[in-house]
Amino acid sequence: MAYTVKDGCIACDSCRPECPQGAIKTKGDGYWIDPTLCNSCEDIDTPRCLEACTVGSLAPLQAKKGRNKSSLLPAAIPAIFLNGKTTPFASSMVVWEACNVLAQRQSLPWQADADHRLCYHRDVHRGRGTLQFRLATNPEESNPPPMDYGLGIAALSRFDMRAACLHLIFAAYATTTDCPWHEPFILNDQHIEQYLGLTKRKDLTKLEKLTLIKELVYQACQILVTLDWPRQGKVPGFSLAEHPVWHLLDTRYYFEVDREGNRHLIGLGFTIQAGIWAQHFLNRQDYRKQTAFYQYGTLPHSLLTEVMGNWQQHEGAMRLLLWLVFKLRLGSDHRMTVRTLLRIAYGEQRVYEATTVRGAHKRLLKTFESDLETIYYYGLKPKFDPETYPADIQPLWARVADIPDDADAALEFWADDANQSLSLTDKAPRDKWQRLLNARLLGFELSDAWQQTAKRKTTQQRRRRTAQPRPSHSLGQLSSEEIRRARQQQNLSQRTLAERLGKSQSWIRDVEKGRFGVSTKDQNLLRQVLNI
């Protein structure tokens with residue numbers, strides 16, 4: 001329970017130095033206690049401030065009765081996710097790596113620099129440039145010093161993955177202004193509750209929600225970055241001294257006094273401003289002059305709610321989703337190795353232990369396939385490489401997902417499965433782990449919320465038409481019935497046809513049921529394989 005300062009305080013300053021949390025703060029001629037920092041000195045029976053007070057002006061803050069609504073709070077008008085599903089957000093390498101810092105934490109290769117400060121280096125453009133990240137001791141300071149190695153490691157252990165969601169929200173707000181490195185934006189706790197779905201958390205009190213929100217905001221504002229960026233195209237190279245990725249310019253507290261004179265915290269407001277990195281990576285004006293970049297992507301709101309709901313049960317899957325929102329911003333067809341996904345989800349150290357410690361790979365393999373299933377049910381369907389990631393080492397849930405819903409189709413499926421050399425009931429091969437480390441994914445089939453903007457699609461289609469002009473005569477679109485009939489005439493099962501096309505069996509089933517259209521490229525491939 002937090003404490004509060006009652007009437008009768010003589011401002012003798014005997015209590016403030018004794019507070020280990022720094023919760024007692026000055027305001028004019030008096031003092032007030034930040035309830036988001038005060039923990040009642042849990043390590044001892046009597047709080048230190050209570051022992052130091054000679055006039056008895058400190059007392060436990062009683063729980064507030066009634067609703068926490070007041071005219072003091074500003075209106076929470078959303079500035080992002082205006083369509084309820086997606087919003088643009090800054091997606092430069094600085095934002096990406098800062099998101100990795102918040103999501104992967106101790107899994108990254110942190111080191112001690114020459115001054116024994118905790119730092120993380122990231123090479124860019126094949127070593128021609130570098131990014132360096134460190135942690136600020138106090139994000140409320142204008143020029144916060146970085147933490148030393150010991151304090152930094154301890155701070156990383158307390159980092160919450162949900163702070164990455166706040167980081168992405170800041171990146172979305174940065175795109176709403178023309179000069180985000182000069183123009184700050186303001187969020188209050190009601191904005192954050194709506195974006196993160198905390199309004200549904202009835203198990204948390206108002207003070208507990210405010211404390212959580214403040215911790216997440218402060219963690220997102222603790223990251224310091226130093227850039228040495230090489231020349232890229234016509235954009236000249238540049239170097240930036242160490243600065244916060246997000247400046248926390250001000251934290252405003254909203255209190256309400258009850259009949260007994262207790263001051264209850266009912267709201268928080270944060271004034272945030274992007275660092276000077278935004279002048280080089282989020283600059284519309286200089287982008288037109290080809291002297292800076294304007295790099296942005298699409299942030300699905302469902303990603304935030306998914307991370308907030310599964311950050312404890314499926315931490316590896318949530319790490320992958322936060323990584324993929326940057327990786328897949330240019331399209332869904334990106335080859336990636338399973339070893340890379342393992343490193344992102346669980347860290348290099350755990351992957352190394354799985355390859356050297358007897359039996360450790362079984363636990364990691366089970367966890368990885370469970371996390372991959374979580375991503376699949378979220379809406380991103382992995383596309384397995386048929387050469388390096390064949391069906392015999394694919395997860396069981398991926399093969400079971402190919403079973404049709406229709407009874408007749410399911411009977412045909414099991415009849416074909418019985419005649420195959422590899423059946424669903426067969427055990428996994430003994431060398432599955434070694435083969436999995438060399439396996440690849442061809443990308444992911446994206447859900448509607450993860451689809452790219454129409455502007456980028458139009459640009460890509462225009463480039464494709466320029467590179468591959470359309471022939472003077474075009475064949476008609478194959479219908480789902482024609483595809484199914486041609487497959488049956490060739491005596492091919494859905495699984496066999498999928499292997500020849502490099503697709504999944506569920507893709508063939510959905511095409512034959514007419515659930516979605518087939519691209520021109522896949523139409524031509526179907527005609528070639530089915531001899532149409």
Side-chain angles (χ1 to χ4, degrees), residues 89-136 139 144 146-149 152-153 155-157 159 161 163-164 167-168 170-171 174 219-233 235-246 274-282 292-293 295-297 316 318-330 334 336-337 339-352:
F89 80 111
S91 60
S92 65
M93 185 63 71
V94 175
V95 180
W96 189 357
E97 283 303 320
C99 184
N100 290 336
V101 169
L102 295 169
Q104 301 177 35
R105 306 183 300 280
Q106 303 101 314
S107 300
L108 295 176
W110 294 91
Q111 299 176 347
D113 60 11
D115 298 328
H116 200 66
R117 307 282 188 178
L118 183 71
C119 68
Y120 161 58
H121 285 274
R122 172 69 158 83
D123 291 336
V124 294
H125 292 288
R126 299 181 180 180
R128 294 190 295 118
T130 58
L131 296 176
Q132 177 180 283
F133 293 90
R134 298 199 287 189
L135 301 181
M147 293 184 182
D148 62 28
Y149 185 81
I153 292 296
L156 280 176
S157 65
F159 265 30
M161 180 188 291
H167 171 70
L168 295 178
F170 296 165
Q219 289 177 10
C221 295
Q222 275 188 272
I223 303 177
L224 306 175
V225 62
T226 305
L227 289 92
D228 183 15
W229 200 264
R231 182 180 183 87
Q232 190 174 354
V235 180
F238 56 91
S239 297
L240 298 178
E242 188 171 68
H243 63 280
V245 176
W246 305 108
I276 196 64
W277 61 267
Q279 188 174 1
H280 298 270
F281 294 100
L282 205 62
F293 304 99
Q295 299 174 346
Y296 70 97
M318 299 305 103
R319 286 183 176 184
L320 288 175
L321 285 178
L322 291 169
W323 183 76
L324 288 171
V325 76
F326 294 91
K327 180 68 175 179
L328 301 179
R329 68 186 185 275
L330 298 179
H334 280 278
M336 54 196 75
T337 64
R339 186 185 293 269
T340 298
L341 298 179
L342 291 172
R343 179 177 55 83
I344 297 298
Y346 313 109
E348 191 68 43
Q349 180 62 29
R350 189 172 177 186
V351 177
Y352 175 76

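Sequential numbering from 1 along the given sequence is applied to the chain's residues.
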Sidechain-backbone polar pair: Arg134 side chain, Ala136 backbone, donor-acceptor under 3.5 Å | no

How about Asp123 and Thr130: does a side-chain donor come under 3.5 Å of a side-chain acceptor?
-> no

Would you check, one step at a time, whether the test ring pair (Phe, Tyr, Trp, His ring centres under 6.0 Å) holds for Tyr352 with Tyr346?
-> CA-CA 10 Å; Tyr352 175 76; Tyr346 313 109; over 10 Å; no

Side-chain heavy atoms of Gln222 within contact of Phe159, under 4.5 Å | yes

To the nearest 0.5 Å, tell me how far His125 NE2 sits from Trp229 CH2.
-> 4.0 Å

Without swapping roles, check the side chain of Asp113 against the backbone of Asp115 for a donor-acceptor pair under 3.5 Å.
-> yes

Distance, nearest 0.5 Å, that separates NZ of Lys327 from OG1 of Thr340 | 8.0 Å

Heavy-atom pair of closest approach, residues Met147 and Gly152 | SD-CA, 3.8 Å

To the nearest 0.5 angstrom, please state how far the CZ atom of Phe133 sits from the CG atom of Asn100.
-> 8.5 Å

Intermediate values then yes/no, side-chain contact (heavy atoms from CB on, under 4.5 Å), Leu108 and Val101 = CA-CA 7 Å; Leu108 295 176; Val101 169; 3.9 Å; yes

After noting the C-alpha distance and the side-chain angles of Ile153 and Leu118, does the key distance pass the side-chain contact (heavy atoms from CB on, under 4.5 Å) rule?
-> CA-CA 7 Å; Ile153 292 296; Leu118 183 71; 3.8 Å; yes

Is the Lys NZ or Arg CZ of Arg329 less than 6.0 Å from the centre of Phe326's six-membered ring, within 45° of the axis?
-> no

List the atom of Ser239, the atom of Asp228, and the distance in Å for their closest heavy-atom pair.
-> OG-OD1, 3.1 Å

Starting at OG of Ser92, measure out to CG of Leu282 and round the result to the nearest 0.5 Å.
-> 7.5 Å

Heavy-atom pair of closest approach, residues Gln279 and Ala292 = O-CB, 4.0 Å

Are any of the side-chain heavy atoms of Gln104 and Met161 separated by less than 4.5 Å?
-> no

To the nearest 0.5 angstrom, please state how far the CH2 atom of Trp110 sits from the NE2 atom of His121.
-> 10.5 Å

Note, Cys221 side chain near Phe170 side chain (heavy atom, < 4.5 Å) | yes

Over all heavy atoms of both residues, which pair between Ile276 and His280 is shortest? Give the atoms and the distance, please.
-> O-CD2, 3.8 Å

Within the side chain of His167, is there an N or O that forms a donor-acceptor pair under 3.5 Å with the backbone of Leu102?
-> no

Derivation and outcome, side-chain contact (heavy atoms from CB on, under 4.5 Å), residues Thr337 and Arg343 = CA-CA 10 Å; Thr337 64; Arg343 179 177 55 83; over 6 Å; no

Between Arg319 and Ser107, the two heavy atoms sitting closest are NH1-OG, 3.0 Å

Kindly give the heavy-atom pair with the smallest separation between Ala171 and Val95, and that separation in Å.
-> CB-CG1, 4.0 Å

Is there a side-chain contact between Arg122 and Met93, using heavy atoms and a 4.5 Å cut-off?
-> yes

Do the side-chain N and O atoms of Ser157 and Arg105 include a donor-acceptor pair separated by under 3.5 angstrom?
-> no

State whether a side-chain donor-acceptor pair under 3.5 Å links Tyr149 with Gln111.
-> no

If you measure from CG on Leu135 to OH on Tyr120, what distance do you get to the nearest 0.5 Å?
-> 12.5 Å

List the steps, then state whether side-chain contact (heavy atoms from CB on, under 4.5 Å) holds for Leu227 with His243.
-> CA-CA 9 Å; Leu227 289 92; His243 63 280; 3.8 Å; yes

Among Leu322, Leu320, Leu324, the one residue meeting side chain to side chain contact (heavy atoms under 4.5 Å, CB included) with Ile344 = Leu320

